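A quick note: this is a predicted structure, and the numbers were derived from the prediction, not measured. These numbers come from the heavy atoms of this one structure, side chains and all, not from hydrogens, waters or symmetry mates. Chain letters run A, B, ... following the sequence lines, proteins first and then strands; every chain starts at 1.
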Protein chains: 2
Amino acid sequence: MSLHAEPLKVNYAYQQIADRIQEQILEGSLKPGEKLPGEMELAQMFGVTRSTVREGLRQLEQDGFVFRPSPRRLEVRLPAADQLSSRAGRAMALMKVTFRELWQVTMETEPLAAKLAVQRATEAEIAELQCIHDRLVAAKGDLDRTVQLDTQFHSAIAEYGKNRVLNLAREPIALLLFQGLTQIVQPVPQSYARQITAHGNILNAIRDRDADLASFWARKHIQDFWRGVCIAGLEDAPAIKNPKSLTT
Amino acid sequence: MSLHAEPLKVNYAYQQIADRIQEQILEGSLKPGEKLPGEMELAQMFGVTRSTVREGLRQLEQDGFVFRPSPRRLEVRLPAADQLSSRAGRAMALMKVTFRELWQVTMETEPLAAKLAVQRATEAEIAELQCIHDRLVAAKGDLDRTVQLDTQFHSAIAEYGKNRVLNLAREPIALLLFQGLTQIVQPVPQSYARQITAHGNILNAIRDRDADLASFWARKHIQDFWRGVCIAGLEDAPAIKNPKSLTT
DNA sequence: CATAGCCTGATTGTCGGACACTACGACTGT
DNA sequence: ACAGTCGTAGTGTCCGACAATCAGGCTATG
């Protein structure tokens, strides 16, 4: 027969404390930005020692439920997206995911982001996009700055599409892929110009509110990126050489 | 001008300990499965107190770098994908992401997963898929079981596509969306039959190694899902009512 | 009145020591 | 070889303490 052997987890005190506080945050009785009592007071409230409270807090801190700008301030906070992004990025880095894997997914996410941006971006946001693009043009030749602005441009488009799920999923992937540019642009110098025109096309399509066109150019842009990877012969190379570089 | 004001983080002892150990894990000198020294020994090695080591370990534990099956065993481990999935899922739940957001992304991920599966799935894996599908057919009428098998079917396709990036990104999204089925199927009972035929179409296309067709049916399947959401009038409803249900 | 600088108390990071309880590994007997 | 027993090391939790340092209020100054 099937004996249901439940995991039977022992609840340690520090675990319970973390759970209780997290519960109250999720439930809403503790609102983000609010200041939490000090460790001693918490210890008194829960009837445990400061050490125990401490371990519980470490856990919440790591989960992003509390924020510690300075040792004295202890604020409630909801886990932000970038927390996950960096974690996911780290995970992918140490899985040694290849450019091919990143590219295959990006090939879908970026066109979608562009399409959504066409529908949802405000005029002000489009102006912001133009600004980023102008800076990219100005940075022509500067590798690091180009990579940074490229990433920013794509992130902005995704953000303006106002789909939080897409943003959550896309961020770490795009980061890794575009960061990989650092290994690409060198062998293919004319990329600078190609990238600028590609971004220009996407930007114009968004401004004209032409969803299909924006999606088309985004796709084309990522495809072009792939050509660069192929020329460099890095299709199945890990997108990051040593995972150590992501030290929180 | 742009003054680069870095956050200038003070390195506390427990932080340094966590960093040092993590470093050695990433670098490879500590291999997964290996047993770590006890807290007292570690304390001696790093020249700090056990309390300090403890806080550092809590952090690694939370990050998934060490695993504690029992209080006595302390193993090295690499963060697994499902760790992130659940975390991402929690985050999305408490952001109250809508069905629309989930659907828009799934509309891209599932067809891609199907396409990749066509290219990369082995015969054995296709047989496995068939098995899952058979069980779905048998479960007709049982809501919970249907949801579970539906999720499993899609997960399997994604897995057989062998793109780790896609899997990482897709998993929590699909989970939330298909879980949402629970709220949908009730209003639209004939979904059972439609879902079975849809899955059958996808399965056949994969077996015939027809990438475009597999992608087409996957898309159609997700589109069909959306119709159900619309009928229920849940387009912009949060996909999960209370985030509390995800208590690790 | 608003602002800048100073001061003090409270709180944190870290330390050392202590105790009950439990699981791991060795020992024993069959 | 196996099952049962047992000692011990190691963990979870507690207590108390100390220096460093930051928050918030106080003061002085314009």
>> Can you tell me if A:Lys35 touches the phosphate of D:dG24, counting only side-chain N or O atoms and a distance under 4.0 Å to OP1 or OP2?
In response: yes
> Do A:Arg170 and A:Ser155 pass the side chain to side chain donor-acceptor pair (under 3.5 Å) test, and can you show the C-alpha distance, the side-chain angles, and the key distance before you say yes or no?
Replying inline: CA-CA 9 Å; A:Arg170 191 204 76 87; A:Ser155 286; 3.0 Å; yes
> When every nucleotide of nucleotides 10-15 of chain D is labelled 5' to 3' by its protein contacts under 4.0 Å (heavy atoms), B for base, S for sugar-phosphate only, - for none, what sequence of letters results?
Replying inline: BBBBBB
>> Please enumerate all residues that pass side chain to side chain donor-acceptor pair (under 3.5 Å) together with B:Asp142, with sequence neighbours excluded.
In response: none
>> Using whole Å, what does the distance between atom P of nucleotide C:dG13 and atom CD1 of B:Ile17 come to?
In response: 14 Å
>> Whether the B:Asn167 and B:Glu159 side chains hold a donor-acceptor pair (N or O, under 3.5 Å, no angle test) is what I'd like checked.
In response: no
>> Is it true that, when you exclude A:Arg20 itself, more than 12 heavy atoms of the residues, nucleotides or ligands shown sit nearer than 6.0 Å to its CZ?
In response: no
> Under the side-chain contact (heavy atoms from CB on, under 4.5 Å) test, which residues partner A:Gln179, sequence neighbours left out?
Replying inline: A:Val147, A:Thr151
